[in-house]
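Down below is the structure, laid out as structure tokens.
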There are 4 protein chains.
Amino acid sequence: MEKKEKITDKKTALLDATLNLVNNHGFHKAPMSKIAKLAGVAPATIYLYFENKQDLINSLYLTVKASFSEHAFKGYEDGLPVKKGFEIIWYNIADYKLNKIDEATFLSQCDNTPIIDEAVAEEGLKHLQPLLDLWEKGRKEEIVKPLSNYILYAYTVYPLSFLLAIQEKNYYKLNDEMRQKAFQSAWDAIKI
Amino acid sequence: MEKKEKITDKKTALLDATLNLVNNHGFHKAPMSKIAKLAGVAPATIYLYFENKQDLINSLYLTVKASFSEHAFKGYEDGLPVKKGFEIIWYNIADYKLNKIDEATFLSQCDNTPIIDEAVAEEGLKHLQPLLDLWEKGRKEEIVKPLSNYILYAYTVYPLSFLLAIQEKNYYKLNDEMRQKAFQSAWDAIKI
Amino acid sequence: MEKKEKITDKKTALLDATLNLVNNHGFHKAPMSKIAKLAGVAPATIYLYFENKQDLINSLYLTVKASFSEHAFKGYEDGLPVKKGFEIIWYNIADYKLNKIDEATFLSQCDNTPIIDEAVAEEGLKHLQPLLDLWEKGRKEEIVKPLSNYILYAYTVYPLSFLLAIQEKNYYKLNDEMRQKAFQSAWDAIKI
Amino acid sequence: MEKKEKITDKKTALLDATLNLVNNHGFHKAPMSKIAKLAGVAPATIYLYFENKQDLINSLYLTVKASFSEHAFKGYEDGLPVKKGFEIIWYNIADYKLNKIDEATFLSQCDNTPIIDEAVAEEGLKHLQPLLDLWEKGRKEEIVKPLSNYILYAYTVYPLSFLLAIQEKNYYKLNDEMRQKAFQSAWDAIKI
DNA sequence: CATGAATGAGGGTTCATTCAT
DNA sequence: CATGAATGAACCCTCATTCAT
């Protein structure tokens, strides 16, 4: 057990270091040497855990995406009424994006930049299936507008990325009341 | 006149080349040498028109942002009713984002990445003032929900960036009917 | 006449500009573009007056060296007694080195650096002939020690370069009294 | 111990290579690539031992200056009579300048050129203190003329730089007899 | 497992020089 | 005569990656 943990330790440290550097300075200006230093490790050590820089970034992306999905569906289960289910997921995602700022910022950067290999990016898309299923159900029950999943996503989850970015730049801080209003707008946008 | 045009020619060619390379391969992997080659120019020539790479990127950002604003408010004037005015602006922006794909993609990348100097990024924010004024009017007339501009933007304009990205990845093509539905969702999200 | 002067004007301006830049920043960091700008001329214009950068430097060296020699022998004539003649020349050189600081500094830099083509440097050496003749006479009359011209030079004229450098760095300012003492030391070093 | 030596090896090789190239071709025309090649090392390796080119030059300057001082005061001790002490130091310096030609030439170039950072240059000045103390003593005992240290230096040590340069250009070779005469001139210049 | 020294390839940038005007 | 735009070559430096230890 101890050995396995040690491995995870350094791997995690490297992923964390990468996250911070890429977030704060961009993919360029996040050299392997700095990543190593920030992780408290020698540069060559990185290559024991990752094939190369691209693999490191890809791995980080998938790791963060997985953690995101895990949070997104916390407390959610299949049988719930559409609005209730949507509410749970939306608030979960909002919590994630507005609290786990670094992770969310990194995902934003990946989604708007060609730094992630396309194949890997596609793999990251599969995580939202339960939400897509819920929307399908909502459309059938004529509670949700007959719009494609893309549009539903664009008007409910995606706006949170903007609010995150704004908050990150310290222009603004989203309190509980505003969060409720934001949810209301999301729901208004897609409900029939 | 001829000389001035020639200058503009090369400068424009350089900006275009940068746009394409940064869009398709990211800021890293858009070396000056490739930019020069794509623009049909020697690398050293870039430095006749821009101080350095950062200045080139910043200039491109401001140029594109200006063109974006110009399109956003085409045919719009101050006195219009809130919904009508909003409709005009929204469709303008939708047209821009879904047709001038390269420009819009580049702006997305800049807004989600630390490649633009902060001072320059702030300068780019000033362009939306007429829309903000319109929203203020809408709130006063109790047509628009009493939400901050950030939230209004997040639920109306920002979703278009997602639709653009989706379309760009060829998963989807937004036709006129869907565009109308998308507008409806935007309006539903913020109207009282 | 006017045209000739105009030519001389620009040529002189270029030589002056080069002198200043090389003195203050070194041969490297004295690019042709800056030289041109300081001289109020386009870069390409330099090549109307000089073959290339090396020729510009060489020309400057010879020009300054000529001006130096001219000053060195002002008021001197062949028939004078050895000590009197030496005194005149020494004071002339001292005046030049301690007043025409830029020129003297430049000569120092050239003499201690491989920036001047060797052939040109040798040509610059011929200018001191009258002093060498005077020394020859002094040795014959057994007023001056039987030392080679190099050593005589090293102990009389060359020390002034050091005093110049010191003065230039503002550590020190040589007044008339000290100058007389300095001359005394020079004479003591070589007189029998 | 072995590792430390290896490090010193490459660092020394780089300093040596720099010395040679700067001496023979000047600071410009001593590109990092050539320095590396002459040291038997890849260009990037230089940056393991020095921050940048300026740091390399500065380090070389301080290294050589230290070696110079060490030689200058070999066999000298404080209590010696003024003339005897001066003789020892003068001959030490003469030996250094006329034998360790490369080092001395480099120092000359540094002292007459703005290639060394000023702060570093000043640090190099501190090394001659024992000689300055000796002169102070000589002035008090009325053996040495009441001249500033600068002038004393100009007429005793500095002339050796000229003799070095002459010798380096192969115009001349200073044998023991001439060296004694040169010392006599130095002493004549400053003794009362 | 872990490392730090080492590097080849390539990055951004400068510059002496040219050429059409 | 004079120019300024243009450039090829070279410069300094960085960095992802490797390899002996």
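Note: hydrogens, waters and symmetry copies are ignored here, and every other heavy atom, side chains too, is used. Proteins come first, then strands; the chains are lettered A, B, ... in the order of their sequence lines, and each starts at number 1.
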Determine, for A:Phe50 and A:Lys11, whether the Lys NZ or Arg CZ falls below 6.0 Å from the six-membered ring centre while staying within 45 degrees of the axis.
-> yes

Step-by-step side-chain contact (heavy atoms from CB on, under 4.5 Å) determination, D:Tyr49 to D:Leu15 | CA-CA 10 Å; D:Tyr49 300 96; D:Leu15 290 171; over 6 Å; no

In this structure, NE2 of B:His127 is separated from CG of B:Leu62 (nearest 0.5 Å) by 6.5 Å

Does any N or O in the side chain of C:Asn112 come within less than 3.5 Å of the main-chain N or O of D:Ser108, such that one atom is a donor and the other an acceptor?
-> no

Roughly how many Å is it from NZ in C:Lys11 to C1' in F:dA2, rounded to a whole number?
-> 16 Å

Quickly work out the C:Leu14 CG to F:dA2 C1' distance and round it to whole Å.
-> 12 Å

Measure the distance from CG on B:Leu48 to C1' on F:dT7 and round it to the nearest whole Å.
-> 9 Å

B:Ile46 has an atom CD1; how far is it from atom P of E:dG12, in whole Å?
-> 9 Å

For atom NZ of C:Lys10 and atom P of F:dC1, their distance in whole Å = 10 Å

Phosphate OP1/OP2 of E:dC15 contacted by C:Lys34 side-chain N/O (<4.0 Å) | no

Would you indicate whether the side-chain heavy atoms of D:Val22 and D:Leu60 approach each other to under 4.5 Å?
-> no

5' priority, DNA chain E, between A:Val41 and D:Ala42 [closest heavy atom] = A:Val41

The helix from E:dA2-F:dT21 to E:dT21-F:dA2: angle between its terminal axes, five pairs each, to 10°?
-> 10°

In whole angstroms, how far is the C1' atom of F:dC13 from the OH atom of D:Tyr49?
-> 17 Å

Provide a list of protein-nucleic acid N or O atom pairs under 3.5 angstrom, restricted to nucleotides 14-17 of chain F.
unit_1	atom_1	unit_2	atom_2	d
F:dA16	OP1	A:Lys53	NZ	3.0
F:dA16	OP2	A:Met32	N	2.5
F:dT17	OP2	A:Tyr47	OH	3.0
F:dT17	OP2	A:Lys53	N	2.9
F:dT17	O5'	A:Tyr47	OH	3.4

Quick one: does NZ or CZ of D:Lys53 land under 6.0 Å from the six-membered ring centre of D:Phe27, within 45 degrees of the ring axis?
-> yes

Kindly compute the distance separating CD1 (D:Ile57) from CD1 (D:Ile35), expressed to the nearest 0.5 Å.
-> 6.0 Å

With rounding to the nearest 0.5 Å, note down the distance linking CG in C:Leu107 to CD in C:Glu103.
-> 8.0 Å

Answer yes or no: does atom CD of A:Gln54 have more than 12 heavy-atom neighbours from other residues, nucleotides or ligands under 6.0 Å?
-> yes

Does D:Thr45 have a side-chain nitrogen or oxygen under 4.0 Å from the phosphate oxygens OP1 or OP2 of E:dA6?
-> no

Check the distance between F:dC11's C1' and D:His25's NE2 and give it to me in whole angstrom.
-> 17 Å

Separation of C:Phe50 atom CZ from E:dT18 atom P, in whole Å?
-> 16 Å

